[in-house]
There are 2 protein chains.
Amino acid sequence: MRILVIEDEPGIARFLKQGLEEEAYAVEVADNGLEGLARALEQAYDLLLVDWMLPGLSGLEVCRQLRAAQNHTPLLFLTAKDTVQDTIAGLQAGANDYIKKPFHFEELLERIRVQLRPAAGPPERFTVGPIALDVATHQVFRDDEEIALTQKEFALLEYLLRHKGNVCRRQSIIEQVWDIHFEYNTGVIDVYMNALRKKLRLSKDEDYLQTIRGIGYVARD
Amino acid sequence: MRILVIEDEPGIARFLKQGLEEEAYAVEVADNGLEGLARALEQAYDLLLVDWMLPGLSGLEVCRQLRAAQNHTPLLFLTAKDTVQDTIAGLQAGANDYIKKPFHFEELLERIRVQLRPAAGPPERFTVGPIALDVATHQVFRDDEEIALTQKEFALLEYLLRHKGNVCRRQSIIEQVWDIHFEYNTGVIDVYMNALRKKLRLSKDEDYLQTIRGIGYVARD
DNA sequence: GCATCCTATGCGCATTCTGGTCATTGAAGA
DNA sequence: TCTTCAATGACCAGAATGCGCATAGGATGC
């Protein structure tokens, strides 16, 4: 997660940079509004931390111009002025939040997390070895190369990955993936496992989808 | 825009309800945490305004349970306690913001607008490849050339673009675009997808609107 | 009257499944 | 330890299914 701090007071800037880096954010600092705006426009930051009072271009102006340029990076104001009017102006200009100085660093961290949370989202993604499956986008990758799977193949792989590490019995697979709840005597599962392994190019060495003879299958790293 | 206020003090509740209704929000009030939580879970509000101190179930607990139930309605705390620890707990529990009493009504309004803005969508312009859709002006472009779409075509394209990257299931499309909430067995979606592709001149190579057989469709770059 | 919206239909083809043969496994017996 | 053998899964075609595409035509509303 990349954060750009636009702050002119070196002491505060250093304090923010160090504190945020300890939290594993990648932090860059711009010490005036003009430079900050330029950097924010040309690079893709995940969040901007902008001082309200800046030499050259004010924080409010930075925010306005950024939004005018269709850039919607989350933006938090650091403001010493705690009059209501100012904060309102900031929010109207398209800021996502503001925090009043002096602030507790913990509170700042929390507000940052809140802003970053929706962007991070909860993407349902499962993996085994080089295989990755994304439920939302209905995509499957092997080493970042997309593999086209049919619906049943996808459903089977998803089931195995959802239960990664646990052996999936044939009976359970037939019930959950094929929705067959009575006796069955078909070899469908084998056929699809075969197709999966082939499409995912899994060999004997890369047995991420193992056969448990007499029982079923497992996905294992 | 529907707002649920969970607040036990009748005076404040009345004040909020009246003030927000003047701003054209549809406001409902619950006077305890349990009822509020139940209402929030069963109905689709656009925003929750929750008092920190509530009889029965605390505001914090309401928030926790709501998020635990995978409900991500924006939630603002109204808190008299202004200790940092409390607000942090609130944000960690999944609240989007909090406001300290006593507050200026104007500031509350702004914070509400900020929360509702992302839901309403700041960039009301969506794109895939050479296709651009502008919600505000109700226009669609292919390479800067305007394409005339009917209302349904537009609605379908808008839905797909709003969920760009994610697979849209036929069931969801029928519900969201056609407002049909029961079983359906029509081929309307196909017909409209066909029309869209034709009007937007999308070929097999330019499959920005892909079909996911057996599932639905995706807009993808 | 015209554009829009939806239903109905046939067709092509990817998907899915069946049935079969071949390879592998693991346990029992020599 | 090695061999044998039955059971099980791997793999391969080919058949059946049904989904989505395309187009035409009827209903509806402005």
Side-chain angles (χ1 to χ4, degrees), chain A residues 138 140 147-160 167-220, chain B residues 138 140 146-160 167-219:
Chain A
H138 215 266
V140 172
I147 307 279
L149 295 188
T150 71
Q151 198 185 345
K152 272 275 146 57
E153 288 163 358
F154 187 91
L156 175 57
L157 183 61
E158 182 185 345
Y159 183 78
L160 291 172
V167 174
C168 304
R169 324 190 147 266
R170 300 173 90 79
Q171 187 62 42
S172 311
I173 296 176
I174 273 290
E175 285 185 6
Q176 300 294 319
V177 179
W178 270 265
D179 205 29
I180 295 175
H181 296 275
F182 38 87
E183 240 186 4
Y184 79 101
N185 63 338
T186 86
V188 241
I189 302 179
D190 313 272
V191 175
Y192 277 85
M193 284 304 302
N194 185 26
L196 269 184
R197 286 172 173 155
K198 205 179 224 170
K199 285 194 175 180
L200 298 173
R201 299 197 305 280
L202 296 178
S203 59
K204 289 279 164 63
D205 306 323
E206 293 188 313
D207 55 347
Y208 298 110
L209 303 180
Q210 297 176 13
T211 307
I212 307 298
R213 204 181 159 80
I215 311 283
Y217 298 87
V218 212
R220 226 178 253 161
Chain B
H138 216 266
V140 173
E146 186 172 353
I147 307 278
L149 295 188
T150 72
Q151 217 161 336
K152 271 276 146 55
E153 287 163 358
F154 186 90
L156 175 57
L157 183 61
E158 181 185 345
Y159 184 79
L160 291 173
V167 172
C168 303
R169 319 190 153 268
R170 288 168 163 276
Q171 188 62 42
S172 311
I173 296 175
I174 272 291
E175 285 188 7
Q176 301 295 317
V177 179
W178 271 266
D179 205 30
I180 295 174
H181 296 275
F182 38 89
E183 240 185 7
Y184 78 100
N185 64 338
T186 88
V188 240
I189 301 180
D190 311 78
V191 175
Y192 277 84
M193 284 304 303
N194 188 23
L196 269 183
R197 286 173 173 153
K198 209 178 223 170
K199 286 194 174 179
L200 298 173
R201 300 196 305 280
L202 296 179
S203 60
K204 289 277 163 66
D205 306 322
E206 293 188 312
D207 55 347
Y208 298 109
L209 303 181
Q210 297 178 14
T211 354
I212 306 298
R213 191 170 230 269
I215 309 281
Y217 297 88
V218 213

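Labels below follow one simple rule: chain letters A, B, ... track the order of the sequence lines, proteins then strands, and each chain is numbered from 1.
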K.L.:
Under 4.0 Å between a side-chain N or O of A/Tyr192 and OP1 or OP2 of C/dC17?
P.N.:
yes
K.L.:
At under 4.0 Å, does any side-chain N or O of B/Thr150 touch on OP1 or OP2 of C/dA3?
P.N.:
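No, outside the criterion.
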K.L.:
Need one value for B/Glu153: base, sugar-phosphate or nothing, where a base atom within 4.0 Å counts as base even if backbone is also close, heavy atoms only.
P.N.:
nothing
K.L.:
Is any side-chain N or O of A/Trp178 closer than 4.0 Å to OP1 or OP2 of C/dC17?
P.N.:
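Yes, within the criterion.
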K.L.:
Whole Å only: how far is the NZ atom of B/Lys199 from the C1' atom of C/dA3?
P.N.:
10 Å
K.L.:
In chain order, what residues pass the side-chain hydrogen bond (donor to acceptor under 3.5 Å, both in side chains) check against A/Asn194, with sequence neighbours excluded?
P.N.:
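Result, side-chain hydrogen bond (donor to acceptor under 3.5 Å, both in side chains) vs A/Asn194: none returned.
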K.L.:
Could you pull out the closest heavy-atom pair between A/Leu156 and A/Tyr192, with the gap in Å?
P.N.:
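That closest heavy-atom pairing would be CD2-CB, 3.7 Å.
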K.L.:
Please report, rounded to the nearest Å, how far the P atom of C/dT18 is from the CD1 atom of A/Ile189.
P.N.:
12 Å
K.L.:
What is the distance, rounded to the nearest whole Å, between atom CG of B/Leu196 and atom P of C/dC6?
P.N.:
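Atom CG in B/Leu196 sits about 13 Å away from atom P in C/dC6.
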K.L.:
Between P on C/dT7 and NZ on B/Lys152, what's the gap in Å once rounded to a whole number?
P.N.:
10 Å
K.L.:
Tell me: CD1 of B/Ile174 to C1' of C/dT7, nearest whole Å?
P.N.:
13 Å
K.L.:
Check the pair B/Gln210 / B/Leu202 against side chain to side chain contact (heavy atoms under 4.5 Å, CB included), numbers first and verdict last.
P.N.:
CA-CA 10 Å; B/Gln210 297 178 14; B/Leu202 296 179; over 6 Å; no
K.L.:
To the nearest 0.5 angstrom, please state how far the CD1 atom of A/Ile180 sits from the CD1 atom of A/Ile174.
P.N.:
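Those atoms lie 4.5 Å apart.
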K.L.:
Each nucleotide in nucleotides 7-18 of chain D should get exactly one letter: B, S or -. Can you fill that in based on protein heavy atoms under 4.0 Å?
P.N.:
BBSSBB-----B
K.L.:
List the residues meeting salt bridge (charged side-chain N to carboxylate O under 4.0 Å, His left out) with A/Glu206, not counting sequence neighbours, and say none if there are none.
P.N.:
A/Arg142
K.L.:
With a sphere of 6.0 Å drawn around CZ of B/Arg197, does it hold more than 12 non-hydrogen atoms of other residues, nucleotides or ligands?
P.N.:
yes
